[in-house]
Number of protein chains: 2
Amino acid sequence: MDSKQKARYEAQAGIIKALAHPSRLFIVEELNRQKRCVSELTEMIGVDTSTVSKHLGILKNAGLVLHEKKGTTVYYQLRMPCLLDFINCVESVMEANALGQMETMISCKIK
Amino acid sequence: MDSKQKARYEAQAGIIKALAHPSRLFIVEELNRQKRCVSELTEMIGVDTSTVSKHLGILKNAGLVLHEKKGTTVYYQLRMPCLLDFINCVESVMEANALGQMETMISCKIK
DNA sequence: TTCTTATTTGGCAATATTGCCAAATAAGAA
DNA sequence: TTCTTATTTGGCAATATTGCCAAATAAGAA
């Protein structure tokens with residue numbers, strides 16, 4: 001793997017890492033529904049405001065969300081709606097995993 | 001967020017975390033092209049065999065790859081091809097980021 | 001059986017991520 | 001100006017991830 005390729009995979013991994021957290025996935029899904037400010041998201045998630053702010057910072061830094069300020073309130077929105085197709089794919093992995101486990105269980109019972 | 005929802009986001013994040021590493025992204029793309037054994041991937045990536053084996057273990061554990069043994073060699077393959085659509089989405093985020101930076105630069109020059 | 005080759009596992013140090021608290025900043029209201 | 005409300009930043013301890021080396025395991029060959 002040459003260094004250009006390596007840099008590309010590192011950049012991709014950076015973006016994916018930004019998604020790889022339960023609260024941030026929740027934020028992405030919620031922001032797909034509508035714009036939300038930090039305190040709204042904080043209440044929904046149920047962790048410290050500073051923690052939510054940092055999660056939003058990570059998403060912003062990865063280029064996944066946009067923000068706009070209205071008074072003291074900051075509204076965030078999803079930048080790339082294609083992210084949801086991706087989450088659907090993750091869901092199908094989860095389904096396939098569950099099915100696989102089911103099959104294993106059943107074939108054990110039969111034997 | 002109730003505990004069921006929370007569990008779902010944690011499961012999703014678990015799968016995404018499995019993808020969130022440069023070497024593992026390379027592996028996923030390469031396995032989409034063809035089945036590969038550990039030593040082939042090791043040579044392509046250029047890290048210790050044990051490291052590659054652990055990366056494959058992480059992907060296997062997340063249900064992203066399947067494996068079959070032939071003699072002493074273990075061949076891995078991609079389980080969910082939809083993962084590539086997802087990587088395409090990540091690429092479009094990267095493009096959008098690059099475009100955004102370009103715009104910022106240009107608008108600075110104009111002013 | 002022993003030898004070889006492929007892979008996995010255990011253990012560890014180096015590094016990265018997380019989530020809290022406290023403090024700083026920002027902007028409108030009084 | 002001070003007060004309040006919303007958000008971000010700094011710092012830190014707890015936890016998770018990474019990648020190496022060494023050792024273990026697995027299976028065919030001699």
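Numbered from 1 within each chain, the chains take letters A, B, ... in sequence-line order.
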(request) Output the single nucleotide from C/dT7, C/dT18, D/dT8 whose closest atom is nearest the side chain of A/R24. (result) C/dT18

(request) Check the angle between the aromatic planes of A/F86 and B/F86 and answer parallel, tilted or perpendicular using the 30° and 60° thresholds. (result) parallel

(message) By nearest heavy atom, map B/T49 and B/K54 onto DNA chain C; which one lands nearer the 5' end?
(response) B/T49

(request) Specify the separation, in whole Å, of atom CD1 of A/I58 and atom C1' of D/dT9. (result) 13 Å

(message) My understanding is that a pair needs two contacts under 3.5 Å, Watson-Crick or G-U wobble. By that rule, which nucleotide pairs with D/dA13?
(response) C/dT18

(request) Please report, rounded to the nearest Å, how far the C1' atom of D/dT17 is from the CD1 atom of A/I16. (result) 16 Å

(message) Just N and O in the side chain of B/H55: are any of them under 4.0 Å from OP1 or OP2 of D/dG19?
(response) yes

(message) From the set C/dG19, D/dT7, D/dA27, return the single nucleotide nearest to any side-chain atom of B/K69.
(response) D/dA27

(request) Specify the separation, in whole Å, of atom CD1 of A/I27 and atom C1' of C/dT18. (result) 13 Å

(request) On DNA chain C, check which nucleotide each of A/G71 and A/T51 is closest to and give me the residue with the more 5' one. (result) A/T51

(request) For A/K17 and for A/L56, find the nucleotide of DNA chain D with the closest heavy atom, then tell me which residue's nucleotide is more 5'. (result) A/L56

(request) Could you check whether B/S53 gets within reach of a base, just the sugar-phosphate, or nothing at all, counting any heavy atom under 4.0 Å? (result) base

(request) Select base, sugar-phosphate, or nothing to describe what B/Y75 touches, counting heavy atoms under 4.0 Å on all strands. (result) nothing

(request) Specify the separation, in whole Å, of atom CG of B/N61 and atom P of D/dT18. (result) 13 Å

(message) So if I take every side-chain heavy atom of B/H21 and compare against C/dT9, D/dG19, D/dT7, which nucleotide ends up nearest?
(response) D/dG19

(message) Does C/dT8 have OP1 or OP2 under 4.0 Å away from a side-chain N or O of B/Y76?
(response) yes

(request) State the pairing partner of D/dA30; accept Watson-Crick or G-U wobble contacts with both distances under 3.5 Å, and report none otherwise. (result) C/dT1

(request) Identify which nucleotide among C/dT8, D/dA6, C/dT17 has an atom closest to any side-chain atom of B/S50, counting heavy atoms from C-beta outward. (result) C/dT8

(request) Decide, yes or no, whether a salt bridge links B/E29 with A/R8 under the criterion of side-chain N to carboxylate O below 4.0 Å. (result) yes

(request) Taking only the side-chain heavy atoms of A/T72 (C-beta and beyond), determine which of C/dG19, C/dA27, D/dT18 contains the nearest atom. (result) C/dA27

(request) Calculate the interatomic distance between B/E43 atom CD and C/dA6 atom P; express it in whole Å. (result) 11 Å

(message) My understanding is that a pair needs two contacts under 3.5 Å, Watson-Crick or G-U wobble. By that rule, which nucleotide pairs with D/dA24?
(response) C/dT7

(request) Evaluate the ring planes of A/H67 and A/Y76, with Trp represented by its six-membered ring, and classify them as parallel (under 30°), tilted (30 to 60°) or perpendicular (over 60°). (result) parallel

(request) Could you tell me whether the side chain of A/E68 reaches within less than 4.5 Å of the side chain of A/Q77, counting heavy atoms only? (result) yes

(message) Could you tell me how far apart B/K60 (NZ) and C/dT7 (P) are, to the nearest whole angstrom?
(response) 12 Å

(request) Using a 4.0 Å heavy-atom cut-off across all strands, classify B/S39 as base, sugar-phosphate, or nothing. (result) sugar-phosphate

(request) Can you establish whether the number of heavy atoms outside B/E43 located under 6.0 Å from its atom CD is more than 12? (result) no

(request) Figure out the CG/P separation between B/D48 and D/dA22, and round it to whole Å. (result) 10 Å

(message) With heavy-atom distances below 4.5 Å as the criterion, would you say the side chains of B/R36 and B/Q34 are in contact?
(response) yes

